[in-house]
2 protein chains.
Amino acid sequence: MKLSSRSEYGLRAMVELAQSYGSGPLALADIARAQGLSEGYLEQIIAPLRRAGLVLATRGVKGGYTLAASPKSITAGQIMRALEGPLDLIECASEYGSESSCKRELACGSRRLWLKLRDSIVDVLDSTTLADLCTGDSTPGDKKEKPRHVGVLAGQ
Amino acid sequence: MKLSSRSEYGLRAMVELAQSYGSGPLALADIARAQGLSEGYLEQIIAPLRRAGLVLATRGVKGGYTLAASPKSITAGQIMRALEGPLDLIECASEYGSESSCKRELACGSRRLWLKLRDSIVDVLDSTTLADLCTGDSTPGDKKEKPRHVGVLAGQ
DNA sequence: TTGAATACCTACCAATCTACTAGGGATTAT
DNA sequence: ATAATCCCTAGTAGATTGGTAGGTATTCAA
């Protein structure tokens, strides 16, 4: 159930970039310093984000990275897919069909849970933008939050 | 983003037990055979479920495992917590407070996402029972299935 | 034109985790 | 007593994680 640090660091880097959006490129070293991350490792993490077209790089002396679009139009889902591949907790419940596996039982009881879980995760990730993670309040633009029995969850 | 096979196998075993609920103990070897799992490995997986009080074991000749309660009253959340520990994707967004970490920033932007995600996951897991995974239809009490692009999932 | 600052790439590595296997001990119905 | 079962611990090959190291390419500025 643990997320790899790739996602954690990658998202933190993107939030950092979102916060300085509009102020020109931010050097890798600056991001790493600001977030307390290893520069070399962060470099490997930001590469897939660039390849996915989420950040732009400019080389040379005043170079660095910038968001490829406004923080409002980049979702956590895009970032996670770039870093982790298709969103799925399990082979047979991937967002994009995995024909191969699950020959065993398509009507497999437990698969139902993984599908529900995946949908729920995809829903959260795709409805959260970088802007949502930067503003002071914690509510995204459209509030389609269903009033579930949240609130029992101790701790802010 | 991948779940360990512990959870997958553990849940499958529990579904198997749920399906034979009321028919006496089911031997480990039978569960393993029915689900196509390694017996030795499954043994290690079912142990924490027993320690968590979710299944009961009876030794001896006609022994085996039974659910400790009705499938309706055992949730996926209980099973996952027994197998994976506290539900969290990341240290600083655990369900039970982790004071230690995250000295960096409690108002950390990215943390907001992990909390939302965790809440969403906890919500799904705690609202799904074993009975939900055994019945013919795929709807638990409330039906909130969004019509996503499922159906692409090519059947075997 | 040179130099420095940056991004970009590949290979390597130690430690940990995963998914088992092996083998024996404890308990119980027959 | 015996066989069937659960129970426990240790080992292990391979993959993954979280990096480090070292070099190349590109750009700006003097």
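Protein chains get the first letters and strands the later ones, always in sequence-line order, with residue 1 at the start of each. Remember, predicted model here, so these are calculated numbers, not experimental data.
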No-hydrogen, no-angle side-chain donor-acceptor test under 3.5 Å, A/Thr129 and A/Asp132: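 A/Thr129 vs A/Asp132: donor-acceptor pair found between side chains.
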Side chains of B/Tyr65 and B/Thr58: is there a donor and an acceptor less than 3.5 Å apart? no
Rounded to whole Å, please give me the gap between [atom1] in [X] and [atom2] in [N].
| X | N | atom1 | atom2 | value |
| --- | --- | --- | --- | --- |
| B/Lys2 | C/dA19 | NZ | C1' | 16 Å |
| A/Leu28 | D/dA25 | CG | C1' | 16 Å |
| B/Glu39 | D/dC6 | CD | P | 8 Å |
| B/Glu43 | C/dG24 | CD | P | 15 Å |
| B/Leu42 | C/dC20 | CG | C1' | 12 Å |
| A/Leu49 | C/dC8 | CG | C1' | 15 Å |
| A/Arg51 | C/dC8 | CZ | P | 9 Å |
| A/Leu56 | C/dA7 | CG | P | 13 Å |

Below 3.5 Å between N/O atoms, which protein atoms pair up with nucleotides 26-30 of chain D? Just atom names and distances, please.
residue: D/dT26; atom: O4'; partner: A/Arg59; partner atom: NH1; Å: 2.8

Only one of B/Glu16, B/Met14, B/Glu39, B/Glu43 passes side-chain contact (heavy atoms from CB on, under 4.5 Å) with B/Ile31; say which it is.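 It is B/Glu16; the other options fail the test.
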Has the side chain of [X] got a donor or acceptor atom that lies under 3.5 Å from a matching backbone atom of [Y]?
| X | Y | value |
| --- | --- | --- |
| B/Arg12 | B/Gln35 | yes |
| A/Ser127 | A/Asp123 | yes |
| A/Arg50 | A/Ala57 | no |
| B/Ser38 | B/Tyr41 | yes |

Answer yes when A/Arg81 and A/Glu95 have at least one side-chain N-carboxylate O distance shorter than 4.0 Å, and no when they do not.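 Between A/Glu95 and A/Arg81 there is a salt bridge, with a charged N closer than 4.0 Å to a carboxylate O.
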Electrostatic pair B/Arg33:B/Asp30 at N-O distance under 4.0 angstrom: yes
What string of B, S and - do you get for nucleotides 13-18 of chain D 5' to 3' if you count protein non-hydrogen atoms under 4.0 Å? -----B
